[in-house]
Amino acid sequence: MKDEVARLGAEDVRDLMVLEKLCFSYHWTQEQFLLGLERNAYRVLGIRRAGVLVAYLAFSIIKDEMEVLNLAVHPDFRRRGLGEKLLRECFRVCIEENVGKSFLDVKISNEPALGLYRKFGYKQIGIRKKYYPDTREDALLFRYDFV
Ligand SMILES: CC(C)(COP(=O)(O)OP(=O)(O)OC[C@H]1O[C@@H](n2cnc3c(N)ncnc32)[C@H](O)[C@@H]1OP(=O)(O)O)[C@@H](O)C(=O)NCCC(=O)NCCS
């Protein structure tokens with residue numbers, strides 16, 4: 001099946017909340033999503049299967065920097081290339097918009113996400129001790145240079 005990556009809008013907020021709650025115990029609120037979807041503080045890409053939202057990626061572009069804000073794939077649809085597909089589309093947008101670099105942070109124990117970001121060429125540039133309020137885990141800071 002061919003998965004289409006689409007830009008999401010305010011009409012998708014309910015589906016985003018369902019997916020978000022499935023994927024994270026400490027999750028984004030509806031208000032946080034609306035900041036991006038209605039007020040364009042960041043952008044959200046999504047993939048649907050049979051109408052059901054199964055993956056999304058939120059990212060911001062400010063000047064020539066892109067930050068990955070959140071990425072989630074439905075637990076039943078992982079390891080099928082959907083996360084990679086979303087990040088690839090985000091990279092395509094960055095190249096089109098002459099973005100020079102990208103940053104993100106990820107929990108030190110999150111092997112799937114670490115694997116994905118390393119596969120795309122992100123390099124670790126730092127660590128923030130006990131950064132996350134939910135688990136008090138360390139954050140690894142990653143950077144990717146487009147040029
Ligand atoms: C991280 C996440 C988005 C990956 O999505 P996915 O669609 O399952 O990933 P993909 O199938 O596109 O995999 C792409 C690459 O990521 C890495 N990867 C994905 N799952 C992995 C796992 N369980 N263990 C190790 N590496 C993994 C691999 O490098 C993989 O490439 P490969 O298939 O050639 O080995 C998904 O596991 C998820 O939603 N996790 C919960 C939410 C989360 O932690 N989000 C990240 C916040 S920073």
**Q** Which residues satisfy the salt bridge (charged side-chain N to carboxylate O under 4.0 Å, His left out) test with Lys130, sequence neighbours excluded?
**A**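 Scan of Lys130 (salt bridge (charged side-chain N to carboxylate O under 4.0 Å, His left out), adjacent residues dropped) gives none.
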**Q** So among Lys21, Arg48, Arg49, which one has a salt bridge (Lys or Arg N to Asp or Glu O under 4.0 Å) with Asp15?
**A** Arg48
**Q** Does Leu87 reach the side chain of Leu71, with side-chain heavy atoms less than 4.5 Å apart?
**A** no
**Q** Using side chain to side chain contact (heavy atoms under 4.5 Å, CB included) as the criterion, list what pairs up with Ala72, not counting sequence neighbours.
**A** Cys23, Phe24, Tyr56
**Q** Please tell me whether Met17 and Val44 are part of a single hydrophobic cluster in this structure, the criterion being side-chain heavy atoms less than 4.5 Å apart.
**A**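 Yes.
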**Q** side-chain contact (heavy atoms from CB on, under 4.5 Å), that's the test. Do Arg92 and Val5 meet it? Break it down for me.
**A** CA-CA 12 Å; Arg92 192 196 62 73; Val5 177; over 6 Å; no
**Q** Start with the C-alpha distance between Leu8 and Leu53, add both sets of side-chain angles, then the distance that settles side-chain contact (heavy atoms from CB on, under 4.5 Å), and finish with yes or no.
**A** CA-CA 10 Å; Leu8 302 187; Leu53 187 70; 4.0 Å; yes
**Q** Other than Tyr131, what residues sit in its cluster of Ile, Leu, Val, Met, Phe, Trp and Tyr side chains whose heavy atoms are under 4.5 Å apart, directly or through others?
**A**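 Besides Tyr131, the hydrophobic cluster comprises Tyr132, listed by chain and residue number.
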**Q** Can you list the steps and then say if Lys101 with Asp64 is a side-chain contact (heavy atoms from CB on, under 4.5 Å)?
**A** CA-CA 7 Å; Lys101 49 195 176 290; Asp64 78 331; 3.3 Å; yes
**Q** Tyr117 and Leu45: same hydrophobic cluster, using ILVMFWY side-chain contacts below 4.5 Å?
**A**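 Hydrophobic grouping puts Tyr117 with Leu45.
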**Q** Could you list who else is in Ile125's hydrophobic cluster, with ILVMFWY side chains joined at under 4.5 Å, directly or through other members?
**A** Phe103, Leu141
**Q** Is there a path of hydrophobic side-chain contacts, each under 4.5 Å between heavy atoms, that joins Leu57 and Ile95?
**A**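 Linked, Leu57 and Ile95 end up in one cluster.
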**Q** Going from NZ on Lys85 to SG on Cys90, what distance comes out if it is rounded to the nearest 0.5 angstrom?
**A**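 Between Lys85 NZ and Cys90 SG, I get 15.0 Å after rounding to 0.5 Å.
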**Q** Can you name the side chain to side chain contact (heavy atoms under 4.5 Å, CB included) partners of Thr29, sequence neighbours left out?
**A**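 Scan of Thr29 (side chain to side chain contact (heavy atoms under 4.5 Å, CB included), adjacent residues dropped) gives Glu31, Gln32.
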**Q** Should the pair Phe91 and Tyr144 be assigned to parallel (<30°), tilted (30 to 60°) or perpendicular (>60°) ring geometry?
**A** tilted
**Q** Distance from Ile127 atom CD1 to Ile108 atom CD1, nearest 0.5 Å?
**A**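 One gets 4.0 Å once the value is rounded to the nearest 0.5 Å.
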**Q** Please state whether the rings of Phe142 and Tyr122 are parallel, tilted or perpendicular, taking 30° and 60° as the class boundaries.
**A** perpendicular
**Q** Restricting to salt bridge (charged side-chain N to carboxylate O under 4.0 Å, His left out), what partner residues turn up for Arg14, sequence neighbours left out?
**A**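 By the salt bridge (charged side-chain N to carboxylate O under 4.0 Å, His left out) rule, Arg14 matches no residue at all.
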**Q** Which distance, rounded to the nearest 0.5 Å, do you find between the CZ of Arg43 and the OG of Ser60?
**A**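 Arg43 CZ to Ser60 OG: 9.0 Å, rounded to 0.5 Å.
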**Q** Within this structure, what is the SG-CZ distance for the pair Cys94 and Phe59, rounded to the nearest 0.5 Å?
**A** 6.0 Å
